[in-house]
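Since the structure comes first, as structure tokens, the remarks are kept for the end.
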Number of protein chains: 2
Amino acid sequence: MREDQAAPPPADVELIGRRTPQRSTVLGALIGSAEFLSAQALHLRLLAAGEHVGLSTVYRTLTALAEAGRADVVRDPGGERLFRYRPSPQHRHYLLCRVCGTGLPVDSSLVGSWAAGISASSGFADVQHTVELTGTCPDCLREQ
Amino acid sequence: MREDQAAPPPADVELIGRRTPQRSTVLGALIGSAEFLSAQALHLRLLAAGEHVGLSTVYRTLTALAEAGRADVVRDPGGERLFRYRPSPQHRHYLLCRVCGTGLPVDSSLVGSWAAGISASSGFADVQHTVELTGTCPDCLREQ
DNA sequence: GCGCACATGACAACGGTTCTCATGTCGTTT
DNA sequence: AAACGACATGAGAACCGTTGTCATGTGCGC
């Protein structure tokens, strides 16, 4: 972790559903993080920053955000779900650092068209794809 | 499920570690299934077939198989791990039916070289990739 | 055949996520 | 401004896949 803990409440970012202090807080923390965060990690951050938001609420908010396409979700090797705010509405893929969690967006148009081709030639309908790249980022590599 | 329940003990397939009836049974069931199976589903199948193998043993065997590169592992949307026997030693990708679980191997050399390219240009080390395609297979599509 | 390291299985423990439900509050309507 | 109803919250329990524990069993090299 290397950025701010408690992001100020986002002024102009659209919330989902009702505007409540808790949702603003969760969304703010998510936006304030450049890394992928688990729901629990985000919850701990908020607690550490003195913000009292229930774990259930964190889960609910993150899940809703993901469903609305406002967050990217990824699964770490342990099966935990990691969230990251997505400013742009398009489908993205990331190269994720296994050590610090930093996510580097990568160009995946190639994978997209590959998946589309598979979809067409296989006869399968409604084909979705998930691509996850993991590695060790240069920073973390240096610190070993 | 559309194939045999209790596969006969595999005669000539190399086991991992000691040759025990339980491992033969688990491996046999895995080989006998064309679909991806969860550890629990496989365990249930064995019970239904009258084979008494402990759930722990099923997990241990499948995990060992996966670590040895003898099985492909995939995560379903719920986070559950699905296993499938891998006859050939190479890295594979599958297009998975969300309804029946059937896995269709797909040509993924393109993705492999794409990942290798990303790896080289990003500065990340030890880059691994997981690609999961899911859809509805023609059979299941027809039955709706 | 002996012995021991490895394997097994019943069960408990664990960790992430979701559910429950009583209470609180946003925002709209009068 | 007050009231109301639908939605949101949070503490804790429940859930579920998975892994650990440990006493007992057994494959296999000697």
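These numbers were taken from a predicted model, which means no experiment stands behind them.
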Checklist entry - How long is the line joining CG of Leu55(B) and P of dT8(C), in whole Å? => result 13 Å
Next on the checklist: Looking at Ser56(A) and dC19(C), is any side-chain donor or acceptor paired with a base atom of the opposite kind under 3.5 Å?
Outcome noted: yes
Next on the checklist: With a 4.0 Å limit, can you tell me whether Gln22(B) has a side-chain N or O closer than that to the phosphate oxygens OP1/OP2 of dG9(C)?
Outcome noted: yes
Item to check | Donor-acceptor contact below 3.5 Å, side chain Arg23(B) vs main chain Ile16(B) | outcome: yes
Checklist entry - So, does the side chain of Thr57(B) form a donor-acceptor pair with the base of dA7(C) at under 3.5 Å? => result no
Next on the checklist: Using the rule given for salt bridge (Lys or Arg N to Asp or Glu O under 4.0 Å), can you reason through Arg60(B) versus Glu67(B), listing the C-alpha separation, both sets of side-chain angles and the distance that settles it, and then say yes or no?
Outcome noted: CA-CA 10 Å; Arg60(B) 274 189 291 245; Glu67(B) 276 175 2; over 6 Å; no
Checklist entry - Can you check the Arg19(B) CZ to dA5(C) C1' distance for me, whole Å? => result 19 Å
Next on the checklist: For Pro77(B), is there any backbone N or O sitting under 3.5 Å from a side-chain donor or acceptor partner on Arg75(A)?
Outcome noted: yes
Checklist entry - Which whole-number value in Å describes the distance from His52(A) NE2 to dA11(D) P? => result 9 Å
Item to check | Given dT18(C), dG9(C), dG27(D), the nucleotide with the shortest approach to the side chain of Thr20(B) | outcome: dG27(D)
Item to check | Rounded distance in Å - CZ (Arg81(A)) to P (dC16(D)) | outcome: 16 Å
Checklist entry - If each of Arg60(B) and Pro21(B) is mapped to the nucleotide of DNA chain D with the nearest heavy atom, which maps nearer the 5' terminus, i.e. the 5' end? => result Arg60(B)
Next on the checklist: Both Ala39(B) and Gly17(B) contact DNA chain D. Which one's nearest nucleotide lies toward the 5' end?
Outcome noted: Ala39(B)
Checklist entry - Is the shortest side-chain N/O distance from Tyr59(A) to OP1 or OP2 of dT18(C) below 4.0 Å? => result no
Next on the checklist: How long is the straight-line distance from CG of Leu65(B) back to CZ of Arg70(B), given to the nearest 0.5 Å?
Outcome noted: 5.5 Å
Checklist entry - For Glu80(A) and dC14(C), what is the distance between atoms CD and P respectively, to the nearest whole Å? => result 17 Å
Next on the checklist: What is the distance, to the nearest angstrom, from the CZ atom on Arg18(A) to the P atom on dC26(C)?
Outcome noted: 9 Å
Checklist entry - Going from OG on Ser119(B) to NE2 on His129(B), what distance comes out if it is rounded to the nearest 0.5 angstrom? => result 11.0 Å
Checklist outcome for this item: Taken to the nearest whole Å, CD/Glu51(B) to C1'/dT8(C) is 15 Å
Next on the checklist: I need the NE2-P distance between His43(A) and dT9(D), as an integer number of Å.
Outcome noted: 13 Å
Next on the checklist: Any N or O donor-acceptor pair under 3.5 Å from the base of dG17(D) to the side chain of Ser38(B)?
Outcome noted: no
